[in-house]
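Note sheet for the following structure.
From a predicted model like this one, the values you see are computed outputs, not experimental measurements.
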Amino acid sequence: MAAFTIATGTGNWFSALALGVTLLKCLLIPTYHSTDFEVHRNWLAITHSLPISQWYYEATSEWTLDYPPFFAWFEYILSHVAKYFDQEMLNVHNLNYSSSRTLLFQRFSVIFMDVLFVYAVRECCKCIDGKKAGKELTEKPKFILSVLLLWNFGLLIVDHIHFQYNGFLFGLMLLSIARLFQKRHMEGAFLFAVLLHFKHIYLYVAPAYGVYLLRSYCFTANKPDGSIRWKSFSFVRVISLGLVVFLVSALSLGPFLALNQLPQVFSRLFPFKRGLCHAYWAPNFWALYNALDKVLSVIGLKLKFLDPNNIPKASMTSGLVQQFQHTVLPSVTPLATLICTLIAILPSIFCLWFKPQGPRGFLRCLTLCALSSFMFGWHVHEKAILLAILPMSLLSVGKAGDASIFLILTTTGHYSLFPLLFTAPELPIKILLMLLFTIYSISSLKTLFRKEKPLFNWMETFYLLGLGPLEVCCEFVFPFTSWKVKYPFIPLLLTSVYCAVGVTYAWFKLYVSVLIDSAIGKTKKQ
């Protein structure tokens, strides 16, 4: 606390926050890590030991390279540092290899790469309106946003316990958003194009970038009512944007095009042979759909409307990742999820095109694209909820309505990540970290908007408080019941379905807010 006070007094509070969370990350080094640790070790070995022509064909391990080429080159660069720690980690045939030096290298590589995330957060803070700033440092929107991003609970446990490299990737996304707020459109477009070739999940938000850049950069003027002035279209700007995207794509995919391996690369990036849902259902629409199918199948069997011999044997909660058939409801295909996703994002895209509200309107559209893709996408991972939570953090310090949606989304979304850490030593860590982050988020935003109406109504408060009994039931009661052996999937099922309700509600509430704001803006202009 003394160090924090000194840093505050000298204006270095941001550095203190960044240093503090870095120390916390170092303390988490010995904790549990998931199979993603072996995934990235194997990618280090592949890119270091094999020629580029074999990167996307190598299959000694089940954890084959399935990220875009820029990430493969990132692993290649890391591997040349890794060899000074432990050469054995770079052997493709050393499956599940994990020495103490390998652990330290991989953990510290994630921490080191978070420097980009810290810089991006600082740039985003410069874009925040400080009109609501209170007298105290801790009441300033920039301070609150810095804590919400730097100390984000989900990012901490996914990257620094579970193990992934999301920090610097989100850093690229936040930095591109900051550049668009600063009207440095070409830089923003370049950063996002680079990001897509690091991790293709960011395609979820590509429609928001494409429409915003076309509408607000390629068209240089609007009519008094806010509609497009078609004569202001700039071919030079369109060509410039196209050239940026083309050059980045050529640098990434060019070597594989020359090797005639693009089909193989794309088959790794988009594995549609996997099932609709991951082993643990992400808390989205399909979780509710699957749960309804299970309920209907149970009722059908009880009432003898269904033949037990015709029930598909593949269980959605068995831990398998595979295609399956629903029992009662129609089975879902990848095409069906694509259509649902496109339908879900279209209203937000229309609002961004016809009633643009500047960078803030873009940010809301981006969040809705991320959430809609999470809600209706094919084989969505639960970790993808961070793609909506982090940009929503920027909106939360601007308006009370957005703060309310953010708190519901982030609390529910973060709790849905709990099953990622299923080992006993990490139980108190994840509960304590989430409690601290959630309490700070709610109290700081309530203070920021204390002159406005309450952030939650009674129904929202009741729902969020229900996460407590749910955790007690899943972690402390269920393991001691007889159902643990017969129905081991129940905790995951309850967590997924309960959180899906909250995420769906936040998505719907944000959509209503965007549509109402667009209608109000139209009325005012008329």
Pairs of donor and acceptor atoms involving the side chains of residues 358-367, under 3.5 Å and at least two apart or interchain, shall be tabulated with distances.
| unit_1 | atom_1 | unit_2 | atom_2 | d |
| --- | --- | --- | --- | --- |
| Arg360 | NH2 | Leu395 | O | 3.3 |
| Arg360 | NH2 | Asp402 | OD2 | 2.7 |
| Arg364 | NH1 | Asp517 | OD2 | 2.6 |
| Arg364 | NH2 | Asp402 | OD1 | 2.9 |
| Arg364 | NH2 | Ser513 | OG | 2.5 |
| Thr367 | OG1 | Leu363 | O | 2.9 |

Review point. So, are Lys509 and Glu460 salt-bridged, with charged N and O less than 4.0 Å apart?
Key: yes
**Study point:** Evaluation steps, ring-ring contact (aromatic ring centres under 6.0 Å, His included), between Tyr32 and Phe422
**Key:** CA-CA 9 Å; Tyr32 152 85; Phe422 51 84; 5.4 Å; yes
Review point. Trp507 and Ser372: side chain to side chain donor-acceptor pair (under 3.5 Å), yes or no, with the steps?
Key: CA-CA 8 Å; Trp507 170 75; Ser372 298; 3.0 Å; yes
Practice item. Inspect the surroundings of CZ in Phe508 and state if more than 12 heavy atoms from other residues, nucleotides or ligands are less than 6.0 Å away. Key: no
Exercise for review: Establish, yes or no, whether a centroid distance under 6.0 Å links the rings of Tyr165 and Phe163.
Suggested key: yes
**Study point:** Centroid separation Trp353 to Phe350 less than 6.0 Å
**Key:** no
Exercise for review: Look only at the side chain of His162 and the backbone of His33, and say whether a donor-acceptor pair between them is shorter than 3.5 Å.
Suggested key: no
Check your understanding: Hey, are Glu471 and Lys430 close enough for a salt bridge, meaning a charged N less than 4.0 Å from a carboxylate O?
Key -> no
Point to revise | The single option from Tyr212, Tyr209, Tyr202 passing ring-ring contact (aromatic ring centres under 6.0 Å, His included) against Phe192 | key: Tyr209
Check your understanding: Listed by chain and number, what are the salt bridge (charged side-chain N to carboxylate O under 4.0 Å, His left out) partners of Arg184, not counting sequence neighbours?
Key -> Glu187
Check your understanding: What's the spacing between Ile46 CD1 and Thr64 OG1 if we round to 0.5 Å?
Key -> 7.5 Å
